[in-house]
Asks: 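Input: one structure, supplied below.
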2 protein chains.
Amino acid sequence: MPNLKLNKPTESEMAILQILWEEGPSTVREVHEILSGTKESGYTTTLKLMQIMHDKGMLSRNDESKTHIYSTLIKKESVQKQVVGNMIKGLFKGSSAKLVMHALGNHRASSEEISEIKKYLDEMELTEMTKKKKNEKK
Amino acid sequence: MPNLKLNKPTESEMAILQILWEEGPSTVREVHEILSGTKESGYTTTLKLMQIMHDKGMLSRNDESKTHIYSTLIKKESVQKQVVGNMIKGLFKGSSAKLVMHALGNHRASSEEISEIKKYLDEMELTEMTKKKKNEKK
DNA sequence: TTCGATGTACGAAATCTTTCGTAGTAATGA
DNA sequence: TCATTACTACGAAAGATTTCGTACATCGAA
């Protein structure tokens with residue numbers, strides 16, 4: 001039976017989750033193949049890892065055919081949110097702006113992306129203003 | 001003698017580094033006190049952790065007086081860079097813009113911060129344009 | 001049908017991290 | 001001086017994570 005408590009994924013588990021997010025439902029072999037690109041390790045290691053993740057309730061699997069197909073049950077968004085949140089809290093003193101500028105400074109974005117971000121910021125400012133107006137009216 | 005290879009800090013090590021970045025050079029007692037705010041654990045645990053970090057070359061210490069004073073040897077910036085980089089690569093498909101919008105979406109920034117970011121983006125666009133011009137001239 | 005390739009299951013070793021107990025030492029004050 | 005307190009040092013247990021070997025099942029081709 002699946003373990004109830006949903007612990008933070010370990011590092012190896014993260015690697016596997018990322019592959020499944022990217023590739024969609026996959027077999028152990030497929031995941032292992034990709035993993036091998038980055039990291040030396042045996043097939044049964046990947047297998048065991050994915051079995052453990054399944055036990056923990058992180059992955060579901062379809063075992064109708066001999067070769068099982070695994071899918072992630074963890075939402076990418078929730079992990080993103082958690083990781084980004086921790087980072088802002090721990091490494092950037094709670095300032096998302098600090099993180100943002102750090103990220104942009106070290107990982108140059110294309111000019112399309114830059115204008116997309118600016119548009120996004122404009123929207124944020126707008127909704128901020130309307131909120132203020134509403135409050136003033138009260 | 002200090003260990004040469006500089007491995008990625010573990011989670012407990014990160015907690016200690018963050019305290020030292022925040023507080024500056026500190027004694028084990030001081031670090032432990034702060035740590036205790038968040039997390040139950042004995043004094044000697046913190047001591048041992050910091051001794052290990054010292055062995056690994058992550059921390060330096062002044063042991064002129066009986067009570068040693070530890071300082072971090074790891075640059076906050078380098079860890080920020082590393083962590084942000086991994087995150088962009090692994091969780092945001094290499095797009096810093098994705099991370100940026102995610103961060104802003106979940107951790108609202110003040111309007112001062114927003115305009116600071118916009119200024120920053122303008123500058124980025126400018127340097128981007130001058131670069132292009134130079135290339136055209138060639 | 002037999003062999004080899006490809007799977008799963010799973011125990012247990014190896015490794016890494018965290019935690020703590022105990023021993024010993026210097027400083028402090030009664 | 002002697003007890004108490006606050007330290008460091010460090011081995012070793014406890015816990016967590018990762019790795020792998022081995023056993024066994026299934027499938028398909030010779």
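In what follows, every heavy atom counts, from backbone to side chain, and hydrogens, waters and symmetry copies are set aside. In what follows, chains are A, B, ... by sequence order, proteins preceding strands, each numbered from 1.
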Asks: What are the atom names and distances for every N/O pair under 3.5 Å that joins the protein to nucleotides 28-30 of chain C?
Replies:
none

Asks: How would nucleotides 25-30 of chain D be written as a contact map, 5' to 3', with B for base contact, S for sugar-phosphate-only contact and - for no contact, using protein heavy atoms under 4.0 Å?
Replies: BB----

Asks: Examine C:dG7: is either OP1 or OP2 under 4.0 Å from a nitrogen or oxygen in the side chain of A:Thr67? Give yes or no.
Replies: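 Negative; the distance criterion is not met.
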
Asks: Measure from CG on A:Asn7 to C1' on D:dA16 and round the result to the nearest Å.
Replies: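 Value for this atom pair: 11 Å.
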
Asks: Would you mind reading off the distance between B:Asp55 atom CG and D:dT8 atom C1', rounded to a whole angstrom?
Replies: 13 Å

Asks: So do the side chains of A:Leu17 and A:Pro9 get within less than 4.5 Å of each other, counting heavy atoms only?
Replies: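 They are in contact (side-chain heavy atoms under 4.5 Å apart), so the answer is yes.
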
Asks: Is any side-chain heavy atom of A:Glu30 closer than 4.5 Å to a side-chain heavy atom of A:Ile19?
Replies: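 With C-beta onward as the side chain, the pair stays apart.
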
Asks: Within the structure provided, determine whether A:Met87 and B:Val84 are in side-chain contact (heavy-atom separation under 4.5 Å).
Replies: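 Result yes, sub-4.5 Å side-chain heavy-atom pair found.
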
Asks: What is the separation between atom CD1 on B:Ile52 and atom C1' on C:dC16, rounded to the nearest whole Å?
Replies: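 Between C1' of C:dC16 and CD1 of B:Ile52: 10 Å.
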
Asks: Rounded to whole angstroms, how far apart are CD on B:Glu11 and C1' on D:dA16?
Replies: 12 Å

Asks: Take atom CD of A:Glu64 and atom P of C:dG7, then tell me their distance rounded to the nearest Å.
Replies: 18 Å

Asks: Using a cutoff of under 3.5 Å, can you pull out all pairs of nitrogen or oxygen atoms linking the protein to nucleotides 9-13 of chain C, with atom names and distances?
Replies:
unit_1	atom_1	unit_2	atom_2	d
C:dA9	OP1	A:Arg61	NH2	3.3
C:dA9	OP2	A:Gln51	NE2	3.0
C:dA9	OP2	A:Arg61	NH1	3.1
C:dG11	N7	A:Lys48	NZ	3.1
C:dG11	O6	A:Lys48	NZ	3.2

Asks: For B:His54 and D:dT8, give me the distance from atom NE2 to atom P, rounded to whole Å.
Replies: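 The answer, rounded to whole Å, is 12 Å.
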
Asks: Checking A:Ser26 side chain against A:Gly24 main chain: does a donor-acceptor pair fall under 3.5 Å?
Replies: yes

Asks: What integer distance in Å separates B:Met50:CE from C:dT17:C1'?
Replies: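 Taking CE of B:Met50 and C1' of C:dT17, I get 17 Å after rounding.
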
Asks: Is there side-chain contact between B:Lys48 and B:Gln51, with at least one heavy-atom pair below 4.5 Å?
Replies: yes

Asks: Is there side-chain contact between A:Thr10 and A:Leu49, with heavy atoms separated by less than 4.5 Å?
Replies: no

Asks: For the backbone of B:His107 and the side chain of A:Ser96, can you confirm whether one donor and one acceptor N or O come within less than 3.5 Å of each other?
Replies: yes

Asks: If the condition is side-chain contact (heavy atoms from CB on, under 4.5 Å), which residues does B:Gln82 pass it with, not counting sequence neighbours?
Replies: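 B:Gln82 satisfies side-chain contact (heavy atoms from CB on, under 4.5 Å) with B:Lys8, B:Asn86 only.
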
Asks: Would you please name every residue forming a ring pair (Phe, Tyr, Trp, His ring centres under 6.0 Å) with A:His68, sequence neighbours left out?
Replies: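 A:His68 satisfies ring pair (Phe, Tyr, Trp, His ring centres under 6.0 Å) with no other residue.
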
Asks: Determine whether more than 12 heavy atoms belonging to other residues, nucleotides or ligands lie under 6.0 Å from atom NZ of A:Lys81.
Replies: no

Asks: Check whether B:Glu23 reaches the backbone of B:Val31 with its side chain - one donor and one acceptor, N or O, closer than 3.5 Å.
Replies: no

Asks: Rounding to a whole Å, what distance do you find between A:Tyr43:OH and D:dT18:C1'?
Replies: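 So the two atoms are 17 Å apart, to the nearest Å.
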
Asks: Hey, can you pull the residues of residues 25-40 of chain B with a non-hydrogen atom under 4.0 angstrom from DNA chain C?
Replies: B:Lys39

Asks: State whether a side-chain donor-acceptor pair under 3.5 Å links A:His32 with A:Thr46.
Replies: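 Distance-only check passes for A:His32 and A:Thr46.
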
Asks: Would you check if A:Met58 and A:Thr72 make a side-chain contact, meaning some heavy-atom pair closer than 4.5 Å?
Replies: no

Asks: Any side-chain N or O of A:Thr10 less than 4.0 Å from the OP1 or OP2 oxygen of D:dT18?
Replies: yes

Asks: May I ask you to say what A:Thr45 touches in the nucleic acid, namely base, sugar-phosphate or nothing, with a heavy-atom cut-off under 4.0 Å?
Replies: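 The residue A:Thr45 makes base contact.
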
Asks: Can you confirm whether B:Lys76 sits close enough to B:Gln80 that some side-chain heavy atom of one is under 4.5 Å from a side-chain heavy atom of the other?
Replies: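 Yes, their side chains come closer than 4.5 Å.
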
